[in-house]
Amino acid sequence: MLDLRWIRNHPEELKAAMKRRGADVPVDELIELDGRWREKLTLVERLKAERNEASEAIGRAKREGKDASEAIARMKEVAAQIKELDQEVAEMEARIKELLLEIPNVPHESVPDGASDADNVEVRRVGEPREFDFEPKPHWELGVSLDILDFERAGRVTGARFAFLKGLGARLERALIQFMLDLHTEEHGYTELWPPFIANADSMTGTGQLPKFAQDMFRLEGTDYYLIPTAEVPVTNYRKGEILDGASLPLYYTAYSPCFRAEAGAHGRDTRGLIRQHQFDKVELVKLVAPETSYDELESLVRDAESVLQKLGLPYRVTLLCSGDLTFSSAKTYDLEVWMPSYGRYVEISSCSNFEDFQARRADIRFRRQPGAKAEYVHTLNGSGLAIGRTVAAILENFQEADGSVTIPPVLVPYMGGRTKIEPPRE
RNA sequence: GGAAGGGUGGCCGAGCGGACGAUGGCAGCGGUCUUGAAAACCGCAGACGGUCACGCCGUCCGUGGGUUCGAAUCCCACCCCUUCCGCCA
């Protein structure tokens with residue numbers, strides 16, 4: 001959510017920003033409504049001041065045993081007027097809030113112009129995609145032949161876009177979760193949280209999934225609870241409604257969670273394999289920081305996520321998203337893309353964003369620089385560190401051998417009970 | 001699921017129709033004292049919004065309604081927390 005006062009004073013800047021995003025936002029309606037709201041507000045407030053004064057006089061008169069029935073009768077009318085105006089003001093405020101909640105964040109000045117992912121800017125490449133001297137298999141074929149992935153039975157048990165992991169496949173998933181959490185907590189200074197995997201509508205609004213993206217989530221029938229689409233939701237909202245001690249910043253949190261996404265509108269895309277599932281695992285990184293540090297914190301967040309790929313030995317690149325490809329809440333986003341042989345290209349495996357005060361204003365997370373200082377909104381950031389399912393896919397594909405086996409990256413060997421390879425079952 | 005109790009400012013905790021934005025304590029800020037600090041004492045201090053205004057006004061005592069000239073205080077509904085019972089991993 002943007003600051004209404006900023007919008008009031010910078011309507012043209014807002015329009016330009018929305019144009020950069022390709023977002024259609026009723027700025028003029030908002031400005032006009034804001035003007036009428038303030039007029040009406042001033043009016044009711046004047047009446048309320050009158051009422052307060054009169055009520056005090058009535059109280060005084062009664063204590064002195066005087067008759068106040070005339071004033072009471074007059075105030076009864078004022079009260080009726082106030083009630084009516086209050087309702088009008090409340091309706092206007094609700095509409096303003098509604099509009100504000102649907103306006104996306106303003107892209108940072110360092111974000112390049114562009115309409116779609118085709119305009120994203122590659123920042124750097126790390127590692128070389130391997131040259132295979134045999135025909136590499138896609139992970140969905142490898143996984144099935146290794147008997148560690150089972151899409152068919154998952155289709156029967158649940159439906160499309162679900163998978164069973166089996167044997168060393170399940171073990172690999174678990175190993176990756178453990179490895180990433182250990183890395184971020186022990187080497188990067190993040191505090192581990194194990195969050196609720198269900199969050200309420202207020203939290204979903206706090207991070208920006210609601211009100212606009214309800215159709216992307218699974219809602220629990222008859223409740224305002226949703227399966228989380230990412231640990232970003234519970235972890236960012238962890239400090240919701242608080243005024244933090246400035247000395248405690250920056251706060252770094254990491255959390256594992258399964259993620260649930262309805263994938264509405266993705267029919268036909270990435271239908272095979274682990275790339276686009278309704279349920280996947282992810283280790284998430286979240287930061288709450290002082291505003292002036294947030295862009296430095298974004299760079300170090302990207303490095304923390306990258307280090308996972310480096311330690312695993314997976315080739316990847318970093319891209320800077322253009323204005324038209326930014327998600328709703330983000331002011332600036334870097335994507336990490338891992339090399340996926342079956343796709344013959346780099347595939348997103350992490351998205352690292354600075355939301356500035358956009359989420360903090362929605363979730364009401366503030367801090368004081370000094371005791372007694374004015375409360376200010378923190379800046380929030382988050383990034384995947386990493387998406388586990390896609391990491392499994394990348395490991396299977398990039399580290400496959402001609403005999404159909406897969407070599408386990410050395411850093412994972414201790415987490416795999418000392419195993420160095422996943423081999424095809426006999427016969 | 002049943003019963004009881006409770007949600008008040010950064011924290012703890014009083015208040016239970018009018019003088020309450022709210023006693024008191026802790027933490028905070030300024031000062032007196034002190035070589036310095038501590039202690040003691042004095043004073044200042046909430047959040048949000050409106051307005052050109054460090055002034056003025058309004059709102060805020062879990063949330064939403066209601067009663068009243070006037071609600072933290074009374075009524076209704078809901079949410080959350082605690083304890084006990086039941087059930088369960």
Side-chain angles (χ1 to χ4, degrees), chain A residues 1-10 30-101 194-206 210 219-220 222-226 234 237-249 251 288 290 357 360-378:
Chain A
M1 191 161 66
L2 300 172
D3 181 7
L4 180 57
R5 273 170 300 187
W6 180 84
I7 293 176
R8 195 178 289 155
N9 297 323
H10 305 83
L30 179 60
I31 300 280
E32 185 268 339
L33 181 59
D34 173 57
R36 284 195 291 129
W37 166 68
R38 282 182 294 154
E39 239 171 69
K40 194 140 278 187
L41 184 63
T42 307
L43 188 62
V44 216
E45 288 189 349
R46 207 178 299 136
L47 287 176
K48 284 183 179 174
E50 194 184 317
R51 178 187 65 186
N52 291 344
E53 211 174 305
S55 292
E56 209 182 310
I58 289 166
R60 216 181 304 123
K62 285 208 160 179
R63 253 174 280 121
E64 290 166 6
K66 293 180 189 161
D67 175 55
S69 53
E70 194 185 315
I72 288 173
R74 208 172 47 236
M75 280 306 109
K76 200 162 186 152
E77 262 171 59
V78 173
Q81 272 185 63
I82 287 173
K83 190 168 180 178
E84 195 175 313
L85 284 169
D86 257 347
Q87 196 172 337
E88 288 176 41
V89 167
E91 279 166 17
M92 288 172 143
E93 277 171 0
R95 177 65 185 146
I96 288 171
K97 184 94 192 277
E98 205 173 278
L99 288 171
L100 284 177
L101 285 175
W194 197 282
F197 300 151
I198 293 173
N200 62 30
D202 190 57
S203 295
M204 292 297 175
T205 305
L210 291 179
R219 181 177 185 168
L220 301 193
T223 70
D224 73 338
Y225 288 0
Y226 296 80
N237 281 291
Y238 181 55
R239 306 304 294 269
K240 166 164 76 170
E242 294 188 40
I243 297 176
L244 308 171
D245 174 5
S248 71
L249 300 182
L251 291 169
L288 307 183
D357 63 7
R361 187 171 284 112
R362 288 170 163 248
D364 190 27
I365 307 171
R366 291 171 292 170
F367 76 106
R368 279 186 226 283
R369 291 177 189 277
Q370 305 293 334
K374 198 169 168 51
E376 301 171 55
Y377 289 111
V378 300

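Sequence lines set the chain letters: A, B, ... in the order given, protein chains first and strands last, and positions in each chain run from 1.
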**Q** Taking the P atom in each of B:rA77 and B:rG70, what is the distance between them to the nearest angstrom?
**A** 23 Å
**Q** Both A:A73 and A:A375 contact RNA chain B. Taking the nearest nucleotide for each, which residue is further toward the 5' end?
**A** A:A375
**Q** Which whole number of Å gives the distance between the P atom of B:rC11 and that of B:rU63?
**A** 14 Å
**Q** In whole Å, measure the gap between the C1' atoms of B:rG86 and B:rG6 for me.
**A** 22 Å
**Q** Check every strand shown and say whether A:A79 touches a base, only sugar-phosphate, or nothing at a heavy-atom separation below 4.0 Å.
**A** sugar-phosphate
**Q** Assuming nearest nucleotide by heavy-atom distance, tell me which of A:G59 and A:E45 is located more 5' along RNA chain B.
**A** A:G59
**Q** Just checking A:R74: base, sugar-phosphate only, or nothing, at a heavy-atom cut-off of under 4.0 Å?
**A** nothing
**Q** Counting any heavy atom closer than 4.0 Å, what does A:A54 reach on the DNA or RNA strands: base, sugar-phosphate only, or nothing?
**A** nothing
**Q** Quick check against the 3.5 Å criterion: does A:S203 have a side-chain atom that pairs as donor or acceptor with the backbone of A:A199?
**A** no
**Q** What contact category does A:K40 fall into here, base, sugar-phosphate, or nothing, at under 4.0 angstrom with non-hydrogen atoms?
**A** nothing
**Q** Go through it in stages, so that I can follow the logic: the residues are A:E39 and A:R36, the test is salt bridge (Lys or Arg N to Asp or Glu O under 4.0 Å), and I'd like the CA-CA distance, side-chain angles, deciding distance and then a yes or no.
**A** CA-CA 5 Å; A:E39 239 171 69; A:R36 284 195 291 129; over 6 Å; no
**Q** A:D245 near the nucleic acid: base, sugar-phosphate alone, or nothing, with a heavy-atom cut-off under 4.0 Å?
**A** nothing
**Q** Answer yes or no: is there an ion pair linking A:E45 with A:K48, defined by an N-O contact shorter than 4.0 Å?
**A** no
**Q** If you take all heavy atoms of A:D224 and A:R219, which pair is closest and at what distance?
**A** CA-NH2, 3.9 Å
**Q** Counting only heavy atoms not in A:Q87 (residues, nucleotides, ligands), do more than 12 fall under 6.0 Å from its CD?
**A** no
**Q** For atom NZ of A:K240, decide whether the heavy atoms of other residues, nucleotides or ligands shown that lie under 6.0 angstrom number more than 12.
**A** yes
**Q** Can you name the closest pair of heavy atoms from A:L210 and A:R362 and give their distance?
**A** O-NH1, 3.1 Å
**Q** Given a 3.5 Å cut-off on both pairing distances, which stems involving RNA chain B, each at least three consecutive Watson-Crick or G-U pairs, are present, if any?
**A** B:1-7 with B:79-85, B:10-12 with B:24-26, B:28-32 with B:40-44, B:46-51 with B:55-60, B:62-66 with B:74-78
**Q** What range of RNA chain B does chain A touch, first nucleotide to last, counting atoms under 4.0 Å from its heavy atoms?
**A** B:rG18 to B:rC80
**Q** Should A:K40 and A:E88 count as an ion pair when the cut-off is N to O under 4.0 Å?
**A** yes
**Q** Considering only atom P, compute the distance from B:rC29 to B:rG17 and round it to an integer number of Å.
**A** 38 Å
**Q** Just to be sure I understand the rule, does A:R46 reach a base, reach only the sugar-phosphate, or reach nothing, if contact means heavy atoms closer than 4.0 Å?
**A** nothing
**Q** For B:rA22 versus B:rG10, give the span between their P atoms, rounded off to a whole number of Å.
**A** 15 Å
**Q** I'd like the P distance from B:rC42 over to B:rG49, given in whole Å.
**A** 35 Å
**Q** Do A:R369 and A:E376 pass the salt bridge (Lys or Arg N to Asp or Glu O under 4.0 Å) test, and can you show the C-alpha distance, the side-chain angles, and the key distance before you say yes or no?
**A** CA-CA 8 Å; A:R369 291 177 189 277; A:E376 301 171 55; 2.6 Å; yes
**Q** If the P atom of B:rC78 is compared with that of B:rG25, how far apart are they to the nearest Å?
**A** 40 Å
**Q** Under 3.5 Å, which donor-acceptor pairs link side chains of residues 78-85 of chain A to any protein atom two or more places apart or in another chain?
**A**
none

**Q** Can you tell me, in whole Å, how much space there is between the P of B:rC54 and that of B:rA47?
**A** 14 Å
